[in-house]
Amino acid sequence: MFTKEIYINRRKQLASTLGSGILLFMGNEESPMNFKDNAYHFRQDSTFLYYFGINEPHLAALIDLDEDKTIVFGEEMSLDDIVWMGRQETLKEKCTASGVEYIQASTALETYLENALAQNRLVHFLPPYRGENKIRLAKVLHLPVAELAEAASLAFTKAVIAQRSIKAAEEIQEHHLAASISADIHLMVMQMAKPGQTERDLVAAIQQAAVASGGQLAYPAIVTTRGEILHNHYYGNTLKEGQLVLNDSGVETAFGYAGDLTRTFPVSKKFTAEQKDAYDIVLEAYQQAVNLLSPEVRYLDVHLKACKTLATGLKDMGLMKGNIDDAVEQGAHAMFFQCGTGHMMGLDVHDMEDLGEAYVGYTDTLTKNTSQFGLKSLRLGKQLQPGYVLTVEPGLYFIPDLMDQWGASNKFSEYINYDKLQGFRDFTGIRVEDDFLITSTGHEMLGKPLAMTTAEIEAIRAEAF
Ligand code: GLY
Ligand code: MN
Ligand code: MN
């Protein structure tokens, strides 16, 4: 945990923006894998972690703005708990470390909320995403589960987003740590990968290193020779000479802050000429996007710059043609780049996605408002501010099903050279990804530098054999 003053001040700042009512924070429960006592790794709710720092299940908390009182609801360990899990810090000690004076039993939460509702007091809650919390909230608020998201407090949601979006010094330090550990792991993978290994061998090493770092993976690693499958979690392929490995993996620190890095490297010592051409296009798009990262720049424009740079490179390769500005405006480049250039990061790898992309990545005046393939997957469009932490992750993805489907109707045939594209059916995908802090004058890369150019990567690969 950070110092208690940090949590006290975070809560104070939030309270000062919300006036009256009750602010409710639902911690996460254990999540059973196949029976109750065999749970997935526990992950605390990030908003709970941000305001209270207590990383354990079966807790809730509230700030009663009218009574100026903060209460944590939970239980001290029973003798059975101590027998099975060992004596740990008491809840009282954890609450003291969080600067919280009042503790009540778990079940007292329902009583507190029922009394408040009976007095027509406003209970602000965030959109729940875990089944247990949905059921609990639906019962106490007398709402159908399906209506909870709609009934969640927009004022509370927006206040949390505004606060969590701007990273404080102690959070930036955590992001540096997460990115540096992740960079070490990426370097290790580039050094160890050899033909004949499976993707699983690499994933096992990544998981081992993440746990050994004192943290864990911030999301299931994407480690694949089929890099065109954007969130590929199949690890059964064998690495073969001539293929590319796409490694998208990052750790979260013990305090919960995420790193999210991607590198793509050849299984062989060197990239093929064609792989190098495509890689350099991605790298140029990355560089052009990074150059734009500054306060007040819209990330939508960063994304469009990346798309145009990719499309220009593809035109040079003979895969696209025609007017590039028009092609990107109409979405033709999405044949090769189907997703967004980046997203906010923090205690969640896609920060605060549970609170709503419309508020995290967009604003009331800059709404996403598009169904265009590609652009609809851009998670962040709004103007950047100092303190934002985000990714830049352009890529090129050659998806045979997409080629076939668009090709069958000659979709965007004025911009896409379908004849030449046929030769790229097995090309797979390339992505590079780094994490950045927006500063008052521009941006700063998070974590230690990691091999990025084809020359840097080939130098590492040469020593792997
Ligand atoms: N690792 C998922 C992403 O890059 O967004
Ligand atoms: Mn990412
Ligand atoms: Mn990633």
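Computed from a predicted structure; not experimentally measured. Counting convention: from 1, in listed order, for ligands and their atoms alike.
- Near Asp260, meaning under 4.0 Å from any of its heavy atoms, are these atoms of ligand 1: 1 (N), 3 (C), 4 (O), 5 (O).
- Look at Lys134 and Glu132 and you find no salt bridge, because none of the NZ, NE, NH1 or NH2 atoms lies under 4.0 Å from a carboxylate O.
- Side-chain contact annotation: His58 with Glu30, donor-acceptor N/O pair under 3.5 Å absent.
- Closest to atom 5 (O) of ligand 1, if we only count protein heavy atoms, is His350 NE2, 2.7 Å.
- Summary of contacts: the protein heavy atom closest to atom 4 (O) of ligand 1 is Glu393 OE1, 2.9 Å.
- Considering both main-chain and side-chain atoms, Arg431 never comes within under 3.5 Å of ligand 1 through any nitrogen or oxygen pair.
- Close approach of ligand 1 to His343 (heavy-atom distance below 4.0 Å) involves ligand atoms 3 (C), 4 (O), 5 (O).
- Using a 4.0 Å cut-off between charged side-chain N and carboxylate O, Arg263 and Asp434 make a salt bridge.
- A distance-only check finds a donor-acceptor pair linking the side chain of Lys368 to the backbone of Leu378 [under 3.5 Å].
- Salt-bridge formation is not detected for the pair Lys194/Asp201: no Lys NZ or Arg NE/NH1/NH2 atom is positioned less than 4.0 Å from an Asp or Glu carboxylate oxygen.
- On a distance-only criterion, His231 and ligand 1 share no N/O pair closer than 3.5 Å.
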Query raised in the report: Run the side-chain hydrogen bond (donor to acceptor under 3.5 Å, both in side chains) check on Tyr129 and Asn28 step by step: do they pass?
Result: CA-CA 10 Å; Tyr129 57 91; Asn28 280 340; 3.1 Å; yes
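- For Lys167 and Glu444, the salt-bridge test fails: no basic side-chain N is under 4.0 Å from an acidic carboxylate O.
- Checked by atom type and distance alone, the side chain of Thr370 pairs as donor or acceptor with a backbone atom of Gln372 at under 3.5 Å.
- Looking at Phe373, Tyr418, Phe336 one by one, the single match for ring pair (Phe, Tyr, Trp, His ring centres under 6.0 Å) with Trp406 turns out to be Phe373.
- Not one N/O/S atom of His350, from backbone or side chain, sits under 2.8 Å from the Mn ion (ligand 2).
- Ring centers of Tyr51 and Tyr7: at least 6.0 Å apart, outside the cut-off.
- Applying the 4.0 Å criterion to heavy atoms of Glu433 picks out, from ligand 1, the atoms 4 (O).
- Note on the Mn ion (ligand 3): protein N/O/S atoms under 2.8 Å are Asp248 OD1, Asp248 OD2, Asp260 OD1, Glu433 OE1.
- Near Asp248, the atoms of ligand 1 lying under 4.0 angstrom from a non-hydrogen atom of the residue are 1 (N), 2 (C), 3 (C), 4 (O).
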